[in-house]
Amino acid sequence: MTIRLPAGDGGFRAYEPRKEPLAATPGTPFTSRTVFSAAHVVADPFADSTPDSPAAVDWDATLAFRRHLWSHGLGVAEAMDTAQRGMGLEWAGAAELIRRSAAEAKSVGGLIACGVGTDQLTGPATLDEVRAAYEEQLALVEESGAQAILMASRALAAAAKGPEDYLEIYGHLLRQSAEPVVLHWLGPMFDPALEGYWGSSDLDTATDTFLEVIAAHPDKVDGIKVSLLEAQREIDIRRRLPQGVRCYTGDDFNYPELIAGDEQGFSHALLGIFDPLGPLAAEAVRVLDTGDAKGFRELLDPTVELSRHLFQAPTRFYKTGVVFLAWLAGHQSHFTMVGGLQSARSLPHFARAYELADGLGLFPDPKLAEERMKNLLSLYGVNQ
């Protein structure tokens, strides 16, 4: 039996769905790498909400998905851009998400780190207001018992006059943080408002400022997450890190090679693509734990085509594909997103995502995924 999929050029192609899923079983945390999956939120489809209203979240389904990730040994990176921070999930919703997920992590013994930003600021802000906003969110995350991830701030990017403002703000936050944090450098392909972060649009100059922040406070930086989609730049940065500071790759285009590493080091991981890839990614890292880098690459390299498809420009809309695959995989009962973001990608994009994910065996119930894909196609007027 085949399914009729739109090819993107006005025509259609026949695809024969996979019959059996990938064999991947839950397991213990990893030994060779620390691996976080940035996790999406599940919207409440029955809430009477509009794109400008506060996010309506299905908390039961959202927390169930985090338990799914923890069951495979993955850590959860909570309230990050994958959870639609700044794209449908406002600060009040993110704060509630942090509280609930941190409590859930404690109850099941799961690893969790949570995003700290300044998104309670909704208009122009002074540097003092940016600092206070960061402090408010840092306090909440630390009180929840989670590790803090200092995210890039749109408000800081708008208010900063140069590198010295970044050095001052981040230095202040690191001095007062109770435990070592993860510093997150999110490139403008993920959020155009972050252009020129660290005080310069020249990436070499920005990198020097970023590393200056870390060098001044190495005891307060557990690691960095680099999301610039440039493998060589990440390698160059991790080779310049102080001893003991980790690099968590956020490169959804080149993650297998960066995690595998080379003779001079490797990256850990904090990736949005590990939301749909969770079980397969966990299986690959366990192979790497045995020292089998070749086996690790053989499992993970074939996933890159799917990741590059989901994260294609405009990259910030990758969340739509992530939630779409969660629906097909049975992790939620609907394909609805906070802010109505399910409309951000085209039907041919969804069709290709389904085809690639199914080919990898990502759907626990391939028949369910096929039925849901056919239902979506029928809504667009595609007859089988």
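Side chains included, hydrogens not; waters and symmetry mates left out as well; all remaining heavy atoms used. Position 1 is the first residue of the sequence; numbering continues from there.
- Counting only N and O atoms by type, the side chains of Glu135 and His172 include a donor and acceptor under 3.5 Å apart.
- In this structure, Arg286 fails the cation-pi test against Phe30, since its NZ or CZ atom is not both closer than 6.0 Å to the six-membered ring centre and inside 45 degrees of the ring normal.
- Of the N and O atoms on the side chains of Ser267 and Tyr255, not one donor lies less than 3.5 Å from an acceptor on the other residue.
- When side chains are defined from C-beta on, Asp222 counts as touching Gln147, because their heavy atoms get closer than 4.5 Å.
- The only option from Arg316, Arg85, Arg154 that meets the side-chain hydrogen bond (donor to acceptor under 3.5 Å, both in side chains) definition with Asp191 turns out to be Arg154.
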Practice problem: Begin with the C-alpha distance, continue with both residues' side-chain angles, and end with the deciding distance and a verdict on side chain to side chain donor-acceptor pair (under 3.5 Å) for Ser153 and Thr118. | Solution: CA-CA 6 Å; Ser153 162; Thr118 63; 2.6 Å; yes
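- When ring centroids are compared, Phe266 and His268 come within the 6.0 Å threshold.
- Side chain of Glu78 to backbone of Gly115: no donor-acceptor contact under 3.5 angstrom is found.
- With 3.5 Å as the limit, one finds no donor-acceptor pair spanning the side chains of Thr2 and Glu16.
- Between Tyr197 and Tyr166, the distance from one ring center to the other falls under 6.0 angstrom.
- Taking all atoms of both residues into account, the shortest heavy-atom contact from Ala231 to Leu258 is O-CD2, 3.8 Å.
- For the 3.5 Å distance criterion, the side chains of Asp236 and Gln232 qualify, holding a donor opposite an acceptor.
- Aromatic ring orientation, Phe363 versus Tyr354: parallel (interplanar angle below 30°, classes split at 30° and 60°).
- Under a 3.5 Å cut-off, the side chain of Ser71 and the backbone N or O of Pro26 do not form any donor-acceptor pair.
- Not one N or O on the side chain of Arg308 forms a donor-acceptor pair closer than 3.5 Å with the backbone of Thr303.
- Judged purely by atom type and a 3.5 angstrom limit, Lys225 uses its side chain to pair as donor or acceptor with the backbone of Leu270.
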*asked:* For Asn254 and Glu234: C-alpha separation, side-chain torsions, deciding distance, then whether side chain to side chain donor-acceptor pair (under 3.5 Å) applies.
replied: CA-CA 10 Å; Asn254 306 291; Glu234 178 174 319; over 6 Å; no
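- Side chain of Ser378 to main chain of Asn375: a donor-acceptor pair is present (N/O by atom type, distance under 3.5 Å, no hydrogens or angles).
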- Task: Tell me, with the steps shown, if Ser201 and Glu195 meet side chain to side chain donor-acceptor pair (under 3.5 Å).
- Result: CA-CA 7 Å; Ser201 293; Glu195 178 66 45; 3.2 Å; yes
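- Ser37 places a side-chain N or O within donor-acceptor distance of the main-chain N or O of Phe274, the cut-off being under 3.5 Å.
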| field | Steps toward side chain to side chain donor-acceptor pair (under 3.5 Å) verdict (Asp81, Tyr318) | value | CA-CA 10 Å; Asp81 60 300; Tyr318 77 87; 2.7 Å; yes
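- Using modelled atom types, one side-chain atom of His309 and one backbone atom of His349 make a donor-acceptor pair closer than 3.5 Å.
- Classification of Arg240 and Asp208 as a salt-bridged pair holds, one side-chain N sitting under 4.0 Å from a carboxylate O.
- Salt-bridge annotation for Arg13 and Glu355: present, with a side-chain N of the basic residue lying under 4.0 Å from a carboxylate O of the acidic one.
- Geometric assessment of Arg4 against the ring of Phe12 yields a positive cation-pi assignment under the 6.0 Å and 45° thresholds.
- The aromatic ring centroids of Trp185 and Phe210 lie less than 6.0 Å from each other.
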